[in-house]
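To keep things clear, I will list the structure first and then write my remarks on it.
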Amino acid sequence: GYYGNWGGAFVPEILHETFRQLNAFFTEAQADPAFWRQYVDLMGSYSCRPTPLTLAENLTRRFGGASIYIKREDLNHTGAHKANNVMGQGLLVQRMGKRRVIAETGAGQHGVATATMAAKFGFECTIYMGEEDVQRQRPNVFWMEKLGATVVPVTSGSRTLKDAINEAFRDWVANMDSTHYVMGTVCGPHPFPAMVAWFQKIIGEEAKEQILAAHGRLPARVYACVGGGSNAMGIFQGFLADEEVELVGVEAGGEGLTSGRHASRLAAIPTTADTDGIPDATPGVAQGYKTMFLQDDDGQMKDTHSVAAGLDYIGVSPMLADLWERGRVRMTAATDTEVMEALQLAMASEGIIPALESAHAFVQAFKEAGELSPESAIIINQSGRGDKDIFTIAHAFKDP
Ligand SMILES: CC/C=C(/N=C/c1c(COP(=O)(O)O)cnc(C)c1O)C(=O)O
C-alpha cells in the first residue's frame with residue numbers, strides 16, 4: 001500500500017481484520033474480468049458513460065494555441081466524477097454482503113453520489129459533513145436527505161472535510177461488521193486510495209481513446225484540479241505511461257499561497273529546498289496514511305481555506321505525492337479570484353458551468369494554452385457541474 005515514500009495503512013489493531021477482508025474482496029474483484037464489465041455496463045446504463053470529450057472551439061480560438069478539449073465528468077449522473085467511485089464501491093459492497101454504507105463529504109457531491117448508490121442498491125446510508133460545508137452546499141444536503149440518507153453535521157475541528165473523515169472513521173470502527181466506508185477520494189489507509197483510483201481510471205481510459213480519435217495524437221498536457229486527488233488520478237492514469245504527455249494538478253490557492261488561507265499542499269513547495277518562505281505542507285501521518293499534510297510544527301492539522309469545499313482538505317493522495325516527488329506530475333495552484341474569472345469565461349464562451357473545484361483546472365489551462373502550438377491539444381478534466389455552487393457564485397459576483 002505504498003507509493004514511493006507515501007501511503008501505507010496506519011490503522012489501529014482493532015481494524016486489521018476488517019482491512020484484511022476488504023483487501024481480499026478488492027483483490028478478488030480486480031482479478032475478475034466479469035466485475036469490471038459489470039461496472040462498465042452499470043456506468044453506461046445508469047451514469048451516461050462514456051462521458052463526452054468536448055472540443056471548446058471558442059476558447060481555443062480565444063487563446064490561439066492548443067486545441068482545448070474538456071472531459072465532461074459533469075455529465076455523470078449526480079453531476080460529478082464521484083459517481084464513478086461510488087457505483088463501483090456499491091458493487092463491492094454487494095459482493096461483501098454488507099447492508100449499510102457511510103461516507104464523508106465536503107462539496108456534497110460525494111455525499112449525493114453515495115446516497116444515490118445506496119438508494120439504488122437498497123443500502124442504509126449515513127453521510128458525515130462538516131457544519132460549514134452543510135451551510136455552503138445546501139442544495140446537496142437537501143438531495144442527500146431526500147434520497148434517504150441521514151446527514152450528520154460535524155461540529156468538531158474546522159467543521160470541514162477532515163473533521164467529517166474523522167467522524168466517519170469513528171462510526172466505521174463501531175460498526176465495521178455491517179458497514180462499508182465509501183471513501184470519497186484517493187486518500188486514507190490502503191486499500192482506499194487503490195480502490196478509488198481503480199474505479200476512477202475509467203475517465204483516463206475513455207479520454208485516451210477519445211483524444212486519439214478526435215485529434216489523431218496524444219495531448220501535450222492534461223489538467224485536473226486536486227482535492228484528495230481522485231479525478232486527477234482518474235484521468236492521469238490514462239496517460240501515465242506516455243511520458244510526452246505532461247500531467248498538471250491544480251490545487252486550491254485560496255486567498256493566495258502567502259495568505260495562510262489556502263489548501264495547497266504540493267504546489268506551494270518548489271521541488272528544490274523550500275526557499276520561498278511560504279508555510280508549506282510537510283510529511284506526516286494522519287487519517288490512516290502518510291502524505292504531505294498542511295500541519296503545524298506539533299503535527300496538528302492546520303485550517304485550510306478554499307472557495308471550493310471539495311478542495312478544502314489538508315491531505316493529498318499518496319499517489320500524487322509520489323508522482324509529484326518523481327517529477328511526473330507538475331502541481332500548481334489557482335486562487336479563489338482566478339477561479340471566478342475562469343468560471344465566468346467558460347460559461348460565456350462555451351455555455352459550460354464547471355463546479356468551483358473543476359474551475360481550478362480551467363485557470364491553469366487558460367494560462368498555458370496560448371503558449372502551445374496550434375497543432376497540439378490539451379485536455380481539461382471537468383470533474384463536476386456548478387449547480388451546487390449557485391449561491392457562492394451569486395455572492396461572489398454581487399460583491400465585485
Ligand atoms: C470526498 C470529499 C470531496 C468532495 N468533492 C470533491 C470534488 C473534487 C476534488 O476531489 P478529488 O477529485 O478527489 O481531488 C473535484 N471536483 C468536484 C466536483 C468535487 O466535488 C465531496 O464531498 O463532494
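The figures here come from the full heavy-atom set of this structure, side chains too, leaving out hydrogens, waters and symmetry mates. Atoms within each ligand, like the ligands themselves, are counted from 1 in listed order.
Among residues two or more places apart in sequence or in another chain, the side chain to side chain contact (heavy atoms under 4.5 Å, CB included) test is passed with Thr392 by Val307, Met340, Leu356. Legend: residues meeting side chain to side chain contact (heavy atoms under 4.5 Å, CB included) with Arg170, ordered by chain and number and at least two apart, are Asn166, Glu167.
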Legend entry - Chi angles and distances behind the ring pair (Phe, Tyr, Trp, His ring centres under 6.0 Å) call for Phe192, Tyr181: CA-CA 9 Å; Phe192 286 119; Tyr181 179 1; 5.7 Å; yes
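Taking the ring centroids of Phe362 and Tyr223, they lie at or beyond the 6.0 Å cut-off.
In this structure, Lys120 is positioned above the aromatic face of Tyr46, its NZ or CZ under 6.0 Å from the six-membered ring centre and within 45° of the axis.
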When you check ligand 1 against the protein, what N or O pairs turn up below 3.5 Å? List the atom names and distances, or just say none.
| unit_1 | atom_1 | unit_2 | atom_2 | d |
| --- | --- | --- | --- | --- |
| ligand 1 | 10 (O) | Lys82 | NZ | 3.4 |
| ligand 1 | 12 (O) | His81 | NE2 | 2.9 |
| ligand 1 | 12 (O) | Ser230 | OG | 3.3 |
| ligand 1 | 12 (O) | Asn231 | N | 2.9 |
| ligand 1 | 12 (O) | Asn231 | ND2 | 2.8 |
| ligand 1 | 13 (O) | Lys82 | NZ | 3.3 |
| ligand 1 | 13 (O) | Thr185 | OG1 | 2.6 |
| ligand 1 | 13 (O) | Gly229 | N | 3.4 |
| ligand 1 | 13 (O) | Ser230 | N | 2.9 |
| ligand 1 | 13 (O) | Ser230 | OG | 2.7 |
| ligand 1 | 14 (O) | Gly227 | N | 2.7 |
| ligand 1 | 14 (O) | Gly228 | N | 3.1 |
| ligand 1 | 14 (O) | Gly229 | N | 2.7 |
| ligand 1 | 16 (N) | Ser383 | OG | 2.7 |
| ligand 1 | 22 (O) | Thr105 | OG1 | 2.6 |
| ligand 1 | 22 (O) | Gly106 | N | 2.6 |
| ligand 1 | 22 (O) | Ala107 | N | 3.3 |
| ligand 1 | 23 (O) | Gly108 | N | 3.4 |
| ligand 1 | 23 (O) | Gln109 | N | 2.9 |
| ligand 1 | 23 (O) | His110 | N | 2.8 |

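Identified under the side-chain hydrogen bond (donor to acceptor under 3.5 Å, both in side chains) test for residues 232-243, with sequence neighbours left out: Lys208-Asp242.
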